[in-house]
Amino acid sequence: MKKYLKAAFIILLAMLCINNMFSQTVADPLLDKLVEKGIIESYEAQEVRNDISKVLKAQFDEEKKKEEEQKKQDKYKLKTSGYLQIMYTLDESTTPTAHPGKYRDPIYIRRARVSFRQQITDWIGFNITPEFGRSAEPYETTSVITSTAPVRRTSVVSRVPYIDFKGAYIDLTFHDFVNFRIGQFNQPFGFENVFSSAKKIFPNDSVQFMRDVLPSDYDVGIQYSFNYKKMLSLQVAALNGTTHQRETNNKKDISAKFVFEPRMFFEFLKGIELSFSYYDRYLGEIVTTTVTPKNGQHYNAYLKFERELFIPIFLTLEYVWGKNAALTYDVKNLVATLEIKPFEKILPLLKGLSPSFRYESWDPNINTSNNELEVYTVGLNYYPHKSVRFLLDYRMPKEKPSDITNNRLNFMAQVSF
């Protein structure tokens, strides 16, 4: 009887270990000891091991099932994200036409953006992204009638806060090769145009083609896309070409972007991304049946390299050519951006400190000489947390005539959620 009581006690102890992640590791030595003392047979010890394995497997399967059910529930929940950017800009412009507006303000809100997105079913979802920041710093003139004699009407210029919508679209995801987006979204063109301002290396200096080629980085239309293992993708969009406004003619702008990663064939090329974009634009309103809007094309090619080679490196080379925004001149824009993180491993105290550099060459009319612009920007970014970053840069344009000074110092604090 004592022999069997001992066996029962040890087996019960082994079974209690099931709640412990090291249960089999704990049970095995005990069972081996019982076999060694002759209290139980080897086949009995194996039966106990099998029972423990079955219970553990059942527990694992149950936990996995609950986890999958939770993921499924989370998939269809309304999700929110966003970021807040606070800017300080010191403008050193010496030209008579230096902008007297927001660049003269010591501190202002650059972005205050929130995204609401939800997957309704496996194949349909939506995204709405309002912008609460007064990034354009609009002015409005209002009339005020004085109540004191003599009664008179005066004009008052005041800043008017507003809410702008960026992304506002419906996604129809039928397959990796069959996806549609309907609404307002980034035109599929180039790198900087679709690169989120929450991740951009430099805080407040958009490259020239973003100002003088595309009328806006968002437009209304419908987009088809396919994606193969996140290494090969194509996006084609039919757009109004009027940003937020309604269509002004019976023509649609066509924008297409192709992205390819060589690691699809050669793993050692991991981190490299190549892309080519094409944009066919129409500009102008059809007044009569005999009037045709102007038509012009924009082209974009870029290379992105993001990888750790001794130190983490982020590099983009982007080239844009074709017509300007008014479709009147041929332009070209070259942009090279580099950010490195040299202290990630060698100096833990300086981890997150990242020097950045940019060179930009802009020609607003390739058929005219002595009108080119070169911009040199150096910066120092700090990432103390995955949701917090501080960006500092100094922008030095080299304009013609050479006696113009338009240098700017930018500082931005950002918090994401």
Side-chain angles (χ1 to χ4, degrees), residues 64-84 111-133 162-199 214-248 250-261 264 273 275 277-281 387 416-417:
K64 188 176 180 181
K65 184 179 178 181
K66 289 180 180 179
E67 199 174 297
E68 289 175 352
E69 289 177 355
Q70 187 61 47
K71 284 182 180 179
K72 191 173 182 180
Q73 291 177 7
D74 291 342
K75 180 180 178 181
Y76 300 111
K77 287 182 178 179
L78 179 66
K79 297 179 176 64
T80 60
S81 62
Y83 54 96
L84 173 64
R111 294 278 188 273
R113 190 170 296 182
V114 182
S115 288
F116 302 92
R117 62 190 184 280
Q118 184 172 7
Q119 194 69 27
I120 306 299
T121 68
D122 287 339
W123 58 275
I124 184 169
F126 73 88
N127 179 293
I128 298 176
T129 305
E131 169 62 68
F132 297 94
Y162 72 102
I163 297 176
D164 190 14
F165 280 94
K166 295 298 181 180
Y169 54 81
I170 297 171
D171 276 331
L172 304 176
T173 308
F174 300 107
H175 189 273
D176 286 345
F177 294 166
V178 184
N179 300 286
F180 293 94
R181 177 166 289 181
I182 306 169
Q184 181 175 289
F185 46 83
N186 281 111
Q187 307 103 317
F189 185 82
F191 176 77
E192 286 285 338
N193 183 52
V194 299
F195 195 39
S196 171
S197 58
K199 299 179 181 179
L214 298 181
S216 172
D217 54 348
Y218 285 84
D219 210 335
V220 179
I222 180 170
Q223 174 180 283
Y224 162 78
S225 63
F226 83 81
N227 181 31
Y228 177 70
K229 295 184 178 179
K230 298 183 179 180
M231 292 183 288
L232 183 68
S233 67
L234 173 68
Q235 298 171 318
V236 181
L239 306 161
N240 283 345
T242 57
T243 313
H244 308 293
Q245 303 172 17
R246 294 182 179 180
E247 183 63 282
T248 57
N250 61 359
K251 301 289 187 179
K252 283 288 181 286
D253 293 2
I254 301 298
S255 180
K257 179 180 178 181
F258 174 77
V259 181
F260 168 68
E261 293 188 21
M264 183 175 182
E273 180 178 294
S275 177
S277 303
Y278 168 77
Y279 199 155
D280 185 56
R281 284 185 59 227
S387 298
S416 305
F417 60 91

Short side-chain to backbone donor-acceptor contact, [X] and [Y], under 3.5 Å:
{"X": "E131", "Y": "A112", "answer": "yes"}
{"X": "S387", "Y": "F417", "answer": "no"}
{"X": "N193", "Y": "N186", "answer": "no"}

Which atom pair, heavy atoms only, marks the closest approach of [X] to [Y]?
{"X": "P188", "Y": "S255", "result": "O-OG, 2.8 Å"}
{"X": "Q187", "Y": "Y218", "result": "OE1-N, 3.4 Å"}
{"X": "T80", "Y": "R117", "result": "C-NH1, 4.2 Å"}
{"X": "G190", "Y": "S277", "result": "N-OG, 3.0 Å"}

Any chance you could measure [X], atom [atom1], to [Y], atom [atom2], to the nearest 0.5 Å?
{"X": "L239", "Y": "R281", "atom1": "CG", "atom2": "CZ", "value": "10.5 Å"}
{"X": "S197", "Y": "K166", "atom1": "OG", "atom2": "NZ", "value": "8.5 Å"}
{"X": "R181", "Y": "I170", "atom1": "CZ", "atom2": "CD1", "value": "11.5 Å"}
{"X": "Q118", "Y": "K79", "atom1": "CD", "atom2": "NZ", "value": "8.0 Å"}
{"X": "S81", "Y": "F116", "atom1": "OG", "atom2": "CZ", "value": "9.0 Å"}
{"X": "D253", "Y": "N240", "atom1": "CG", "atom2": "CG", "value": "8.0 Å"}

Atom pairs and distances, donor-acceptor, side-chain atoms in residues 120-130, under 3.5 Å, two or more places apart:
unit_1, atom_1, unit_2, atom_2, d
T121, OG1, W123, N, 3.2
T121, OG1, W123, NE1, 3.3
T121, OG1, I124, N, 3.3
D122, OD1, K75, NZ, 3.4
D122, OD1, Y76, OH, 2.1
N127, OD1, T129, OG1, 2.8
T129, OG1, S115, OG, 2.9

ask   = Going through the checks in order, is the side chain to side chain contact (heavy atoms under 4.5 Å, CB included) test met by M264 and Y228?
value = CA-CA 10 Å; M264 183 175 182; Y228 177 70; 3.3 Å; yes
query = Mind checking what makes ring pair (Phe, Tyr, Trp, His ring centres under 6.0 Å) contact with F258, not counting sequence neighbours?
reply =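 With neighbours one apart ignored, the set is empty.
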ask   = Y278: what forms a ring pair (Phe, Tyr, Trp, His ring centres under 6.0 Å) with it, not counting sequence neighbours?
value =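 Ring pair (Phe, Tyr, Trp, His ring centres under 6.0 Å) check on Y278 returns Y299.
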message = Please evaluate residues S275 and K257 with respect to the criterion side chain to side chain contact (heavy atoms under 4.5 Å, CB included), reporting the C-alpha separation (whole Å), side-chain torsions for both, the decisive distance (0.1 Å), and the verdict.
response = CA-CA 7 Å; S275 177; K257 179 180 178 181; 3.7 Å; yes
request  = Start with the C-alpha distance between N227 and N179, add both sets of side-chain angles, then the distance that settles side chain to side chain contact (heavy atoms under 4.5 Å, CB included), and finish with yes or no.
outcome  = CA-CA 9 Å; N227 181 31; N179 300 286; 5.6 Å; no
query = Once the angle between the rings of Y169 and F185 is folded into 0 to 90°, is it parallel (under 30°), tilted (30 to 60°) or perpendicular (over 60°)?
reply = perpendicular
